[in-house]
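Presented below is the structure to which this report refers.
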Amino acid sequence: MKTYKTNEIKNIVLLGASGSGKTTMAEAMAYEGKVIERRGTVENDNTISDNTELEQLYKRSIYPTLLFTEFKDAKLNIIDTPGSDDFSGGLFSAFKVADVGVMLFNAQNGFEAGSEIQARYARAMKKPIIAVINQLDHEKSNWETTLEELRGASHVKPVIVQYPVNPGPQFDSFVDVLMMKMYKYKDDNGTREELDIPASEMDKATELNNVLIEAAAENDEALMELYFEKGTLTQDEMRKGLKAGLAKRDLIPVFVASGKKNIGTKRLMEFIVNVAPNPKESPAFKTVEGEDIAADENGPAVAFVFRSTVEQHIGEISYFRLIRGKLTEGAEVVNARTGNKEKIAQLFAVAGKNRTKLTEMYAGDIGCTVKLKGTKTNDTLCNSADVVQIEPIQFPDPKYRAAVRATKQGDEEKLGEILNKLSFEDPTILVEYSKELKQMIIQGQGEHHLNIVKWILGNVYKIDIEFYAPRISYRETITKVANADYRHKKQSGGAGQFGEVHLLIEPYTEGMPEPTKYKLGGKEIAVSLKGKEEIVLDWGGKLQFYNSIVGGAIDARFLPAILKGIMEKMEEGPLTGSYARDIRVVVYDGKMHPVDSNEISFKLAGRNAFKEAFRTAAPKIMEPIYQVEVLVPSDKMGDVMSDMQGRRAMIEGMTSDKGFDRLVARVPLAEMYRYSTTLSSLTSGRATYSMRFLAYEQVPADVQDKLLKEYADTDKDE
């Protein structure tokens, strides 16, 4: 195939809620560019996108699919993305390398919650959007309602470029107010007639043409002067103004289509070629140091890997955008993260599972290579003489977590390996074995996301697993001063064990004064500081350990053993076995034996003295609190609020935003298990949420009593 220069390339991402028709539109675009001979359908499992067994089973996109088409001497790189927020990782990777979004709306459903979610992502990524109101051939399609909902919900001004003449089952014609022509389709393969606008539509078309001219003129001072001078603009002048407005995200051009009947596809592609920004006209990529890397064909090569997959007979496939320079087959590059050299043995243009071999690529193009060593998503490949690292994709925080285990004994090691492989392909799948919880924890974007993982494990790798409720990372601490002493004595013939430790504990807060004296049970304990250790705990908070031994009651060589015993109990707190934090310990007395005292004796004495003191120091359990933001259609807010209140949530705020409400609340993590499923059920799948860790806060008394009771049977004294 032809090698395309930077100014001949357009990189687009297809957006839209599930069911908006992205995959069908991608198929029509590939057909118009002669990349495929016949258009497949989602129903027949033969589309260029959605080509995996899993996607064909669910009849929906689960992975982002890269494809290309050649049209009017340009190459359009297209990324078809999943509509479900459970699979938003693919959308984020596509946003990183695409220059413009084409957002499809199902004319039956209007502006959906999924549309709002993806529009928010586009705003955050500062990507310009072209809107396509699709499926206008459906009997329940409603052009006017969808357009009004788009106007009401959009943060950017929608400007009509096309409107349908006869939406519904007979839909075959639309008026294009940029071209001032009517297009009538003769069949379902995109065969069209270009006609004059009929008299019955001329007034409406003229009015919308004037609105479009004004919108174009507003984005360019020279065009505005021309408009005032002539009272109109030529088509080329309009395109120039629309191009400027689109690039600045000041307007959203609105198109009509039926992807299924291939109506409107060609005109949409013509507009993309003529108006959408090419890589040179798009914002530069930034390095981690903040340097701009523009699409310069003549600069040192820089390629960014935005997706990694593994195919059975090929191995690892790295999908990348060439940001700067030129890549040729056989080129040697450096992985900026690892410093390792990589050889680009082969270059491919990608159309789903089909790969077309290339000998070279220019800045701005998107393709793939195979069998790189140690390269993964978010890596930068570059010229060894000019090593730079592109800012990584910031994937969304996980929203759903579960514990996972293999149902068959002996599969645990294999399970861990495969989960890490799936995480390599989808960075929004996070897997770790928690030493604290003694569970393997998997996190993702929703229950459906993790159920897909379960399907892959069972059907591809033949490993049966089960998900179950994960334990919660509680923290334990104290609220008052307490003391205790413990004697460890063991005699069983020969040398015995003996160690006695007297200590006191108190809550630690940052900046508190050094200890001097304490009054406990009517007795005053003076503190004479001989030594201090301050330990910043891996799980948060601190432990301060003071040696206040006088008169040689305990030899200094046994102090590290006492600290070790205390740290062991900090790692397995006395209340629930959770980590303890923010405690000051003062060892002020004890006894030792000239023969039987040793390190193990003082470790056990220190551990048990700490445990006894902890239990009398008004201990409290702290739980992780998350900030949860729910985006919900206004008519469902009451149901969502009621559910939140049942989760011990503290509502922090509610705002309305163009048909959707945002609810912000502080919610204990313990109450969030399977929340995505509940929210979907309450709102018929129309709501979404995000969550992030805030802080640890004390649990209510009734919850603490319940946790203590649950742990009581598992706690064993030394």
Side-chain angles (χ1 to χ4, degrees), residues 397-403 430 432-439 441 443 469-482 505-512 534-545 566-585 610-611 613-630 644-653 664-675 689-712 714-715:
D397 293 330
K399 292 182 284 194
Y400 191 92
R401 65 193 290 271
L430 306 180
E432 66 164 345
Y433 180 80
S434 171
K435 178 185 172 185
E436 174 189 1
L437 305 178
K438 299 179 178 63
Q439 292 177 321
I441 303 295
Q443 299 183 81
R471 299 186 182 106
I472 301 299
S473 301
Y474 293 108
R475 297 289 181 264
E476 301 178 13
T477 192
I478 56 175
T479 59
K480 71 175 189 180
V481 180
I505 63 177
E506 70 172 323
Y508 166 78
T509 56
E510 201 71 41
M512 66 189 296
E534 184 169 283
I535 301 165
V536 178
L537 302 168
D538 292 341
W539 52 88
K542 288 183 179 179
L543 166 68
Q544 282 190 339
F545 179 77
I566 292 168
M567 278 297 297
E568 283 184 0
K569 205 59 195 167
M570 293 278 285
E571 289 189 21
E572 190 179 337
L575 300 181
T576 62
S578 304
Y579 290 134
R581 56 178 283 172
D582 297 325
I583 298 172
R584 173 180 280 176
V585 179
F610 174 80
K611 182 169 72 172
F614 192 99
R615 285 176 168 167
T616 59
K620 65 180 181 181
I621 300 171
M622 302 172 71
E623 64 180 342
I625 303 295
Y626 278 68
Q627 184 180 73
V628 178
E629 181 178 322
V630 187
M644 272 292 177
Q645 288 163 355
R647 296 176 185 272
R648 296 194 282 124
M650 181 178 292
I651 307 299
E652 292 192 321
V664 180
R666 297 165 69 95
V667 191
L669 179 62
E671 305 291 342
M672 290 299 293
Y673 181 55
R674 300 197 71 191
Y675 179 64
Y689 73 103
S690 62
M691 56 189 285
R692 63 180 179 86
F693 173 74
L694 275 183
Y696 274 91
E697 295 180 1
Q698 186 171 353
V699 302
D702 61 327
V703 176
Q704 178 154 325
D705 290 343
K706 180 185 175 185
L707 292 171
L708 291 174
K709 186 177 180 181
E710 288 174 353
Y711 186 71
T714 65
D715 188 23

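Every value quoted in this text rests on a predicted model; they were computed, and no experiment measured them.
- Between Q443 and Y400 there is no side-chain heavy-atom pair separated by less than 4.5 Å.
- Expressed to the nearest 0.5 Å, how far CD of E697 lies from CE of M622 amounts to 8.0 Å.
- When all heavy atoms of A482 and A613 are compared, the pair lying nearest together is CB-O, 3.5 Å.
- Taking all atoms of both residues into account, the shortest heavy-atom contact from E623 to R648 is OE2-NH1, 2.7 Å.
- Partner of E506 under the side chain to side chain contact (heavy atoms under 4.5 Å, CB included) criterion, out of V585, I583, V481: V481 alone.
- Proximity of E476 to P619: side-chain heavy atoms (C-beta onward) are nowhere separated by under 4.5 Å.
- Within 6.0 Å of CE in M650 there are 12 or fewer heavy atoms belonging to other residues, nucleotides or ligands.
- Between I651 atom CD1 and R666 atom CZ the span is 12.0 Å, to the nearest 0.5 Å.
- At least one side-chain heavy atom of S473 sits less than 4.5 Å from a side-chain heavy atom of L437.
- Taking a 6.0 Å sphere around CG of D702, one finds it holds more than 12 heavy atoms contributed by other residues, nucleotides or ligands.
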When you look at R475 and D582, which way does the side-chain contact (heavy atoms from CB on, under 4.5 Å) test go after all the steps?
-> CA-CA 10 Å; R475 297 289 181 264; D582 297 325; over 6 Å; no

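- When all heavy atoms of D397 and M691 are compared, the pair lying nearest together is CB-O, 3.9 Å.
- When atom types are taken as modelled, the side chain of K399 and the backbone of Y689 share a donor-acceptor pair closer than 3.5 angstrom.
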Chi angles and distances behind the side-chain contact (heavy atoms from CB on, under 4.5 Å) call for R584, I478 | CA-CA 10 Å; R584 173 180 280 176; I478 56 175; over 6 Å; no

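- Note on ring orientation: taking the six-membered ring where Trp is involved, the planes of F693 and Y626 are perpendicular (angle over 60°, cut-offs 30° and 60°).
- Across all their heavy atoms, I625 and P668 have their closest contact at CD1-CA, 3.8 Å.
- Ion pairing between K611 and E572 fails under the 4.0 Å rule for side-chain N and carboxylate O.
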Should E510 and K542 be marked as a salt bridge (Lys or Arg N to Asp or Glu O under 4.0 Å) after you check the CA-CA gap, both sets of side-chain angles, and the distance that decides it?
-> CA-CA 9 Å; E510 201 71 41; K542 288 183 179 179; 3.2 Å; yes

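- Nearest heavy-atom pair across E571 and Y579 is O-CD2, 3.4 Å.
- The shortest side-chain heavy-atom distance between E671 and Y673 does not fall under the 4.5 Å cut-off.
- Taken from OH in Y474 to OH in Y711, the straight-line distance is 14.0 Å, to the nearest 0.5 Å.
- Atom CZ of F545 is separated from atom CE of M567 by 11.5 Å, given to the nearest 0.5 angstrom.
- Of all non-hydrogen atoms in I441 and S434, the two that sit nearest each other are CG1-CB, 4.3 Å.
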Check the pair Y675 / M644 against side-chain contact (heavy atoms from CB on, under 4.5 Å), numbers first and verdict last.
-> CA-CA 10 Å; Y675 179 64; M644 272 292 177; 3.5 Å; yes

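- Between V703 and K706, the closest side-chain pair of non-hydrogen atoms is not below 4.5 Å.
- A donor-acceptor contact shorter than 3.5 Å links the side chain of Q439 to the backbone of R471.
- Proximity of a side-chain donor or acceptor of E436 to a complementary backbone N or O of S578 within less than 3.5 Å is not detected.
- The CD atom of Q704 sits 4.0 Å away from atom CD1 of I621, with the distance rounded to the nearest 0.5 Å.
- In this structure, OG1 on T477 lies 6.0 Å from CZ on F614, to the nearest 0.5 angstrom.
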Would you sort out whether M672 and R401 count as a side-chain contact (heavy atoms from CB on, under 4.5 Å), showing the intermediate values?
-> CA-CA 9 Å; M672 290 299 293; R401 65 193 290 271; over 6 Å; no

